[in-house]
Amino acid sequence: MDEKDRNRLIKRGVAEIIVESEFVELLDTGKPLRLKIGFDPSAPDIHVGHAVPLRKLRQLQDLGHKVVLIVGDWTAQIGDPSGKSQTRPMLTQAEVMANAETYMAQFFKIVDREKTETRFQSDWFGPFTLADVIKLTSRFTVAQFLAREDFSKRYKANQPIAITELLYPLLQAYDSIAVKSDVEFGGTDQKFNILVGRDLQGMMGHRPQHCFLMPLLPGTDGVQKMSKSLNNYIGITEPANDIYGKTMALPDSMVLAYLENVTDVPDDELDEMKRATESQTGDPMELKKRLARELVTQFHDADAAKTAEQHFERTVQRRETPEDIPAFELSTGAELNSKRLSDILVNAGLASSSAEAKRLIDQGAVRVNDEPVNANVAASTLESGAVLRAGRRRFVRLV
RNA sequence: GGAGGGGUGGGUGAGUGGUUAAUACCACCAGACUGUAAAUCUGGCGCCCGGAAGGGCUACGUAGGUUCGAAUCCUACCCCCUCCA
């Protein structure tokens, strides 16, 4: 591996490697490594933020290394202490399996299934006894765990910390023992947990794993990290138009970070983009379109990217009506006569309640055949074939 | 076990008997502007009925109660935090 490739591997889209020099040495031995990554089967939607570590795994797989995917069916019941976590509802075995399958279907859109070993925590935690738990917990102190930022912050702010939450890093650490991992992957927020695994391995006579920490991608709001619960995410299974549209709605300041971390735009091209952005000689919208195309191509294909771009240019930039819009069947006769525009908006899914529909009408967001409609007219005035629009991007063709 | 503080809309957080569907900020939605975005400005932001005017219902941890009227008072319960043990 030449210098350039190696740099790309250990620098781009990587926040920190612990210990980097040792990891590089290990890599150079050519020995196939066991790359650990885990997930909790509680919220199985993978978004572009998750793609950062997954893409890195893929790169390493392509060099001959093996991914060990851990289904956290025990840790899912605790919930990773993110600061707001509540005791989570226990998942049934069936729910765990269903979630795991949903997750893996997405996971393997990025990671190579052939070079992946999937393991369930219950394999080793199922037979765990209280004696094992005590032995495990006795290796660490409360002070060590309070060093973790989440915990210390909450502790100082008089917010509850459940004892089970303290167990979370321990379980995750023990996973590393169980699967004999050489390297563990995660976001920078996983630093503490992964290091506990490294420590535990050392204590138990295993070779300590290296920690591969990836940056947390900011969400579409440009401020907080991307997450489903903040609704600032781009899901990798979302329709092409949505991926494209959400990308275009990103603040300009996010574009380079996304290009660097979740696309394969060549390094020198990326450098050129950075220069152009800094000197303000580039075209920010073109750059963002490039990103949007890259993402759609990655999670769908190049054709879908082209179509999505055309759709965006037509509907958002030129505010025209797109070509293929969902049809909504108007009822007929007496039933129709008793309804009004607001009812149709709700039934067609353009508004979530009739109160919202009326608000949209009042605010001039509703158009019929591109003509604003400012009154809640009778539904009978609507003709089939007409295009009903609410806001920028919600359309329906009446039939 | 004891003493004290607290639970309000997606979030933070006002509100101590009526003009409170509930201040403010954030988030969100729509409109204007625009290069997509950001910024800015304007409006909105529980649900239902009604063309509208307006009306009704539900909501302030849970369940009861007092009152013409309760997020606000009372009782019980649940949960959280702090200090003491």
Side-chain angles (χ1 to χ4, degrees), chain A residues 82-87 151 153-165 218-234 241-259 276-277 280-296 305 308-320 337-347 349-367 370-382 388-395:
Chain A
S82 63
K84 295 195 171 185
S85 55
Q86 309 264 320
T87 309
F151 290 141
K153 252 194 204 157
R154 280 202 276 161
Y155 189 68
K156 281 178 196 147
N158 290 343
Q159 282 167 354
I161 299 171
I163 289 173
T164 48
E165 292 185 85
T220 51
D221 56 3
V223 183
Q224 291 177 279
K225 76 166 185 178
M226 186 176 287
S227 86
K228 196 181 180 186
S229 56
L230 292 170
N231 195 27
N232 63 354
Y233 72 103
I234 301 174
N241 283 343
D242 289 354
I243 293 179
Y244 195 98
K246 284 189 180 186
T247 304
M248 291 308 286
L250 282 173
D252 286 355
S253 57
M254 300 284 79
V255 175
L256 283 173
Y258 275 56
L259 282 166
T277 302
Q280 301 195 332
T281 52
D283 178 342
M285 193 176 68
E286 270 314 312
L287 191 64
K288 200 183 285 183
K289 282 184 171 178
R290 169 74 185 275
L291 171 64
R293 281 196 304 272
E294 292 282 346
L295 291 178
V296 176
E309 181 156 288
Q310 286 164 356
H311 178 266
F312 176 82
E313 287 171 353
R314 187 156 38 213
T315 60
V316 180
Q317 291 192 286
R318 296 200 297 274
R319 298 203 194 188
E320 292 167 6
N337 287 330
S338 66
K339 291 187 172 175
R340 311 207 68 87
L341 176 57
S342 56
D343 300 314
I344 305 300
L345 288 167
V346 174
N347 292 341
L350 300 182
S352 58
S353 69
S354 80
E356 190 197 346
K358 287 169 186 171
R359 263 177 244 135
L360 290 171
I361 294 169
D362 285 344
Q363 296 182 133
V366 175
R367 289 166 180 261
D370 255 4
E371 291 299 318
V373 179
N374 286 305
N376 194 5
V377 298
S380 54
T381 63
L382 299 169
L388 189 57
R389 173 176 202 164
R392 285 289 188 90
R393 50 183 90 158
R394 280 168 284 173
F395 298 92

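Order of the sequence lines fixes the chain letters, A, B, ..., with proteins taken first and strands second; residue numbering starts at 1 for each chain.
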Next item on the list: Output yes when A/Glu294 and A/Arg290 qualify as a salt bridge under the 4.0 Å nitrogen-oxygen rule, no when they do not.
Entry: yes

Check: If you measure from the P atom in B/G6 to the same atom in B/U23, how many Å do you get, rounded?
Finding: 22 Å

Item checked: Phosphate-side-chain proximity, A/Ser354 and B/C47, N/O vs OP1/OP2 below 4.0 Å -> no

Next item on the list: With rounding to the nearest 0.5 Å, note down the distance linking CD in A/Glu313 to OH in A/Tyr244.
Entry: 6.0 Å

Next item on the list: Using whole Å, report how far CD1 of A/Ile234 lies from P of B/U36.
Entry: 18 Å

Notebook entry, point to check: Rounded to the nearest Å, what distance is computed from the CD atom of residue A/Gln280 to the C1' atom of nucleotide B/G35?
Noted result: 14 Å

Next item on the list: Using the P atom on both, measure B/A70 against B/U19 and round to a whole Å.
Entry: 11 Å

Notebook entry, point to check: When rounded to the nearest 0.5 angstrom, what is the spacing between CD in A/Gln363 and CG in A/Asn374?
Noted result: 11.0 Å

Check: Just how far, in rounded Å, is P of B/G50 from CG of A/Asn376?
Finding: 10 Å

Check: Hey, does the side-chain of A/Gln363 have a donor or acceptor N/O within less than 3.5 Å of a partner on the base of B/G31?
Finding: no

Notebook entry, point to check: Tell me: CG of A/Leu360 to P of B/U42, nearest whole Å?
Noted result: 21 Å

Next item on the list: Please round to the nearest 0.5 Å and tell me the distance separating atom CG of A/Leu345 and atom CG of A/Leu360.
Entry: 7.0 Å

Margin query: Under a 3.5 Å cut-off for both contacts, is B/U67 paired Watson-Crick or G-U wobble with anything, and if yes, with which nucleotide?
Written below: none

Check: Roughly, in whole Å, what's the span from CG in A/Leu341 to C1' in B/G50?
Finding: 15 Å

Margin query: Distance check, P atoms only: B/G55 and B/G43, in whole angstrom units.
Written below: 24 Å

Checklist line | Separation between the P atoms of B/G2 and B/U58, rounded to whole Å | finding: 39 Å

Item checked: Who pairs with B/U58 - Watson-Crick or G-U, where each distance is under 3.5 Å -> none

Margin query: On RNA chain B, does the nearest nucleotide to A/Gly364 precede the nearest nucleotide to A/Met285 from the 5' side, or the other way round? Give the residue.
Written below: A/Gly364

Note to self: Between B/C45 and B/C77, how far apart are the two C1' atoms, rounded to whole Å?
What the structure shows: 35 Å

Checklist line | Sugar-phosphate, base or nothing in reach of A/Lys246, heavy atoms under 4.0 Å | finding: nothing

Note to self: As a test of reading the structure: which of B/U36, B/U34, B/C45 is closest to the side chain of A/Arg359, going by heavy atoms?
What the structure shows: B/C45

Check: Across all strands, who's sitting opposite B/G1 as a Watson-Crick or G-U wobble pair, both distances under 3.5 Å?
Finding: B/C84

Next item on the list: Could you tell me whether the phosphate oxygens of B/A30, OP1 or OP2, come under 4.0 Å of any side-chain nitrogen or oxygen in A/Arg394?
Entry: yes

Check: Rounded to the nearest Å, what distance is computed from the CD1 atom of residue A/Ile161 to the C1' atom of nucleotide B/C79?
Finding: 17 Å

Notebook entry, point to check: Are any of A/Arg340's side-chain N or O atoms less than 4.0 Å away from OP1 or OP2 of B/G51?
Noted result: yes

Check: Can you tell me the Watson-Crick or wobble partner of B/A53, both distances under 3.5 angstrom?
Finding: none

Check: Rounded to the nearest Å, what distance is computed from the CG atom of residue A/Asn374 to the P atom of nucleotide B/G31?
Finding: 12 Å

Next item on the list: State whether the side chain of A/Arg340 and the backbone N or O of A/Asn376 hold a donor-acceptor pair below 3.5 Å, judged by distance alone.
Entry: yes

Check: Less than 4.0 Å between a side-chain N and a carboxylate O, is that true for A/Glu309 and A/Arg293?
Finding: yes

Note to self: I'd like to know if A/Lys358 reaches the base of B/G50 with its side chain, counting only an N/O donor and acceptor under 3.5 Å.
What the structure shows: yes

Margin query: From C-beta outward on A/Ala355, which listed nucleotide comes closest to its side chain: B/C29, B/C48, B/A37?
Written below: B/C48

Next item on the list: Sticking with atom C1', work out how far B/G18 lies from B/A24, rounded to a whole angstrom.
Entry: 23 Å

Note to self: With nearest nucleotide decided by heavy atoms, which residue, A/Gly391 or A/Lys288, maps closer to the 5′ end of RNA chain B?
What the structure shows: A/Gly391

Next item on the list: Starting from P on B/U36, measure out to CG on A/Leu250 and report it in whole angstrom.
Entry: 15 Å

Check: Which value, in whole Å, describes the distance between the C1' atoms of nucleotides B/G69 and B/C25?
Finding: 31 Å

Notebook entry, point to check: Taking atom types as they are modelled, is there a donor-acceptor pair under 3.5 Å from the base of B/G31 to the side chain of A/Asp362?
Noted result: no

Check: Between A/Tyr258 and A/Lys288, is there a cation-pi geometry (under 6.0 Å to ring centre, at most 45° from the normal)?
Finding: no

Note to self: Rounding to an integer number of angstrom, what distance separates B/A14 and B/U20 when you compare their C1' atoms?
What the structure shows: 12 Å

